[in-house]
There are 2 protein chains.
Amino acid sequence: MFNQFRNKFPLTEEKWNEYVGYFNRIEVSAKTTLLEEGEISKKLFIIEKGCIRVWFNNNGKDLTSQFFFENQSVASIESFMKKFPSPVVVETIEPSVLWWIHKENLDIIIEEIKENPELRDRLIDMLFQRTFDYMKHFFSFIKDSPAQRYLSLIQEKPQIVQRVPQHYIASYLGISTVHLSRIKSKLLQNK
Amino acid sequence: MFNQFRNKFPLTEEKWNEYVGYFNRIEVSAKTTLLEEGEISKKLFIIEKGCIRVWFNNNGKDLTSQFFFENQSVASIESFMKKFPSPVVVETIEPSVLWWIHKENLDIIIEEIKENPELRDRLIDMLFQRTFDYMKHFFSFIKDSPAQRYLSLIQEKPQIVQRVPQHYIASYLGISTVHLSRIKSKLLQNK
DNA sequence: TTCATTTGATAACAAATGTTATCGTCTACC
DNA sequence: GGTAGACGATAACATTTGTTATCAAATGAA
C-alpha cells in the first residue's frame, strides 16, 4: 500500500518504518460513516480500495462536495487542521479498504518533514495544488453550463462518472438529479 | 504602508529594511492592466489604495473571478508560482497606489522565511486559509441560489458591493447582469 | 427466491435565468 | 459645456432548470 509513496520520500529505512507503523488498516462496507457532522476530525484516511464522498446537509438536502478514490487521502480538512466541528460528513460509497492515522501521529510526521527542505517544499506544493484545483472548479461554475461541467467531468475525472451513483454527481455539479438525467439523454440523442 | 506587517513578522531591523527595499511604489489610473493574458507573472502587487479585479475571457465574455482591496496582495497565483502563461488578466478598477516586488526578490524572502519555524507555519496557515476560502466559495455554488449568494456577498464582503461596478459582480456570482439587477430590485420590494 | 430499497428515466408543469433591446443617468474627457 | 461611452434598470420573450409525481430496472438483504 505505501510503496507508491516510498520512492517519493527520501527517508531512512527506520524513519519509514516508524511512520508506516502509525497507520491502521480497516475494511468497511458501503455507506459507512467515517466522520459525522459536528464531530472533530482526528483521523486522516488513505484509500487502498474503494471510494468515499464528502457531503453536507443543506435544508434536508444531501449535497456532495468531493469524491475520493484509491491512493488519495481524505479528511474533513478544515476540521482536521483547525479542530473545528466538521461541517461535513465523510462516508464510503463502495465497500472499502482504508488506512487511517491519528492526527497526533501525523503531526509528528509533518513536524519532522518540515525540517527537511525538499519534503517541506513538496508539502507546500501539495497545498498549492489543492488550491489550484478548487480555483479551477470554481471557475467552471462561472463560465460553464451544467452540461459543459458534466462533459468536463467525464474528461477529467472519469472515475466519478463511472463509479459514483448519479444523484451524488448531480449535487456536485450544482444541479438537480432530474436535470442531470436530461443532460445525459440529450447527449445520447446528439450522437 | 508596511507597518501593518511589521509586528506580525519578528525580523531584525536590518532584515526588515532589506525586504522593504525590494518593493517599488507605483500610482496607476483606473482600468490599468497589470498583467496580460498569456504573460508570465513576475510581479506580486500589494494594494496601498484602490482596488483590483482578476478576470478572464470566455468566448468573448469578460468573467471576473476575484476582487482585491487595500492591504491585500495580488498576482495570477498559478502563473506566478509555476511560471505558466497567465490564463487571467489583472486590472485595476479604481485609480490605485500599489507596491510591487519582483518574483526573484520575493523568492529570496520566502526561502529565508521558511528557515524560521514560526514564520513558516504562518506561511502554511495562509495557504490553508486560501484553500478554505475557495472551498467556501465553491460550496455556495452548490447550495445557494444566486440571490442568496448576493446576500452573502453583502454580509461577508461588503466592499465588493460598495466599490465594484455591478456588471463585474454579476459574473463573479455566475449570473447575467440583468439577473443581478432583478435580484436587487426584488430585495428592495421586500422591505 | 422474494421483497423492500435504491437508483435513474421521464412527463408535466412551475419557476428561475438568460438574451436582446431600449432607455435614462452619470462620468470622463476634449 | 458638450459628447461619447460606461453603467444600470426594465420589458418582452426564449430557454434553462427545478419540482413533483410516476414508473421501471437494478440491487441488496432476509
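Within every chain, numbering begins at 1; the chains are lettered A, B, ... in the order of the sequence lines, protein sequences first and strands thereafter.
A ring-centre distance under 6.0 Å is found for A:F2 and A:F23. Ring centroids of B:H137 and B:Y172 are separated by less than 6.0 Å, placing the two rings close together.
Residue B:K184 places no side-chain N or O under 4.0 Å from the OP1 or OP2 atom of D:dG8. Contact annotation: A:H167 side-chain N/O to C:dG8 OP1/OP2 distance is under 4.0 Å. Remark: A:K31 is in phosphate contact with C:dT7, judged by side-chain N or O atoms under 4.0 Å from OP1 or OP2. Of the side-chain N and O atoms in A:Q166, none sit less than 4.0 angstrom from OP1 or OP2 of C:dT6.
The distance from atom CD of A:Q162 to atom P of C:dG8 is 14 Å, rounded to the nearest whole Å. The nearest whole Å value for the distance from the CD atom in A:E91 to the P atom in C:dT6 is 12 Å. Rounded to a whole Å, the CZ atom of B:F141 is 12 Å from the P atom of C:dT17. Rounding to whole angstrom units, CG of residue B:D62 and C1' of D:dC7 are separated by 14 Å. Summarising the geometry, the separation between CG on A:L187 and C1' on D:dT16 is reported as 15 Å, rounded to the nearest angstrom. Following rounding to the nearest Å, A:L173 (CG) and C:dG8 (C1') show an atom-to-atom distance of 16 Å.
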What pairs of donor and acceptor atoms, side-chain ones from residues 33-50 of chain A against any protein atom, are under 3.5 angstrom apart with sequence neighbours left out?
from	atom 1	to	atom 2	distance (Å)
A:E39	OE1	A:E36	N	2.8
A:E48	OE1	A:W99	NE1	2.7
A:K49	NZ	A:E70	OE2	3.3

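Stacking of A:R163 on the aromatic ring of A:F69 is not recorded, the 6.0 Å distance cut-off and the 45° axial limit not both being met.
Counting only residues at least two apart or on different chains, the salt bridge (Lys or Arg N to Asp or Glu O under 4.0 Å) pairs with a member in residues 129-139 of chain B are B:K136-B:E156.
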Going 5' to 3' along nucleotides 17-24 of chain D, which nucleotides have protein heavy atoms under 4.0 Å from the base (write B), which only from the sugar-phosphate (write S), and which from neither (write -)? BBBB----

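Nearest heavy atom pair, residue B:E115 against residue B:R120, reads O-NH2, 4.3 Å.
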